[in-house]
Amino acid sequence: EAQVTQNPRYLITVTGKKLTVTCSQNMNHEYMSWYRQDPGLGLRQIYYSMNVEVTDKGDVPEGYKVSRKEKRNFPLILESPSPNQTSLYFCASRIGTSVTGELFFGEGSRLTVL
Amino acid sequence: DQQVKQNSPSLSVQEGRISILNCDYTNSMFDYFLWYKKYPAEGPTFLISISSIKDKNEDGRFTVFLNKSAKHLSLHIVPSQPGDSAVYFCAVGSGGSYIPTFGRGTSLIVHP
């Protein structure tokens, strides 16, 4: 089954404790991205990747890192989480780099930073 | 400043009636428009799209209308069903770019 898998789905952590949210897709998609969803703010892009070893900042990259060492994986790293990073995070992938392709989203990872 | 606006945070409709969700954008360079639907505890899923060379695209009960001069698009759901209750996001982009810009979403509730 074609899918985007995120882990963990739920996480409660404390300020400053590094964490990684993994994202994996099995569709051989070139493009991958991370979004956060906050009440009243919709979906905001954090980082995206056009292909292996090619990443770039989205609208809200502060406090996050990403890497794309393999085509299927695109982990989101919070080196020193803060309470304002409490959010619902979505990983998404797309077959090509053009905006005309549909995005496939994971089920989301709800992160709480205390 | 928001490039994509969904001015109605919520919409309530009776089953069987039409649901109309609206989206306005500011940049006339945008030429591709998508709608995504999101149920609670799930990721968004693609619903329907339209390019700027068209003014209408239809897929079953879902129709998207594009008014380029007004920089406005709308999603019509006819007839609305309780299973359509979800948050709907519009997303816009230009064909030469990689990144869609999302609106803040409209929560649709369809009452039985």
Side-chain angles (χ1 to χ4, degrees), chain A residues 1-7 9-10 21 23-25 27 29-51 54-61 68 87-110, chain B residues 1-10 21-25 27 29-54 57 59 62 64 66 86-108:
Chain A
E1 182 190 351
Q3 58 186 359
V4 178
T5 303
Q6 299 177 222
N7 279 296
R9 295 287 313 279
Y10 302 91
V21 186
C23 174
S24 181
Q25 51 93 3
M27 296 171 278
H29 284 174
E30 290 183 28
Y31 178 94
M32 297 184 75
S33 63
W34 276 101
Y35 292 85
R36 59 179 288 174
Q37 183 188 7
D38 301 290
L41 296 178
L43 291 165
R44 295 182 293 167
Q45 190 174 54
I46 304 170
Y47 268 94
Y48 65 96
S49 169
M50 305 290 287
N51 213 324
V54 181
T55 63
D56 211 341
K57 297 177 181 178
D59 297 320
V60 288
R68 187 95 181 270
S87 188
L88 179 57
Y89 291 87
F90 290 100
C91 180
S93 72
R94 189 173 67 205
I95 188 166
T97 55
S98 169
V99 75
T100 59
E102 78 176 84
L103 285 165
F104 291 82
F105 285 85
E107 293 186 307
S109 296
R110 184 167 291 283
Chain B
D1 195 23
Q2 288 179 257
Q3 296 190 70
V4 183
K5 293 183 182 178
Q6 294 180 255
N7 289 320
S8 299
S10 63
L21 296 95
N22 295 304
C23 181
D24 295 293
Y25 58 98
N27 189 339
M29 296 297 290
F30 290 138
D31 59 8
Y32 204 81
F33 309 89
L34 309 98
W35 285 93
Y36 287 82
K37 173 171 150 179
K38 183 186 177 305
Y39 292 119
E42 295 183 13
T45 55
F46 171 75
L47 186 58
I48 192 170
S49 63
I50 188 169
S51 74
S52 60
I53 62 172
K54 292 184 169 184
N57 190 25
D59 184 2
F62 301 90
V64 56
L66 175 63
V87 176
Y88 291 79
F89 292 99
C90 72
V92 304
S94 59
S97 77
Y98 318 121
I99 307 168
T101 301
F102 282 84
R104 295 185 176 184
T106 296
S107 177
L108 172 67

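Everything numeric here is computed off the predicted structure, so don't read it as measured data. Chain identifiers are assigned alphabetically (A, B, ...) following the order of the sequence lines, protein sequences preceding nucleic acid strands; residue numbering begins at 1 within each chain.
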Novice: How about A:Leu103 and B:Tyr36: do any of their side-chain heavy atoms sit closer than 4.5 Å?
Specialist: yes
Novice: Sort A:Arg44 into side chain, backbone, both or neither according to what part of it lies under 4.5 angstrom from a heavy atom of chain B.
Specialist: neither
Novice: Measuring heavy-atom distances to chain A, does B:Pro9 have an atom under 4.5 Å in its side chain, in its backbone, in both, or in neither?
Specialist: neither
Novice: In residues 32-42 of chain A, which residues are in contact with chain B at a heavy-atom separation under 4.5 Å?
Specialist: A:Tyr35, A:Gln37, A:Gly40, A:Leu41, A:Gly42
Novice: Distance from A:Glu102 atom CD to B:Ile48 atom CD1, nearest 0.5 Å?
Specialist: 12.0 Å
Novice: Specify which of B:Ala91, B:Gly43, B:Pro44 makes the most heavy-atom pairs with chain A at under 4.5 Å.
Specialist: B:Pro44
Novice: Atom CZ of A:Phe105 and atom CZ of B:Phe46: how far apart are they, to the nearest 0.5 Å?
Specialist: 11.5 Å
Novice: To the nearest 0.5 angstrom, please state how far the CD atom of B:Gln3 sits from the CG atom of A:Asp59.
Specialist: 8.5 Å
Novice: Identify, with sequence neighbours excluded, every residue that meets salt bridge (Lys or Arg N to Asp or Glu O under 4.0 Å) alongside A:Glu107.
Specialist: A:Arg9
Novice: Enter the distance from B:Ile99:CD1 to A:Arg94:CZ here, rounded to the nearest 0.5 Å.
Specialist: 8.5 Å
Novice: Which heavy-atom pair separates B:Leu34 from A:Gly101 by the least distance, and what is that distance?
Specialist: CD2-O, 4.2 Å
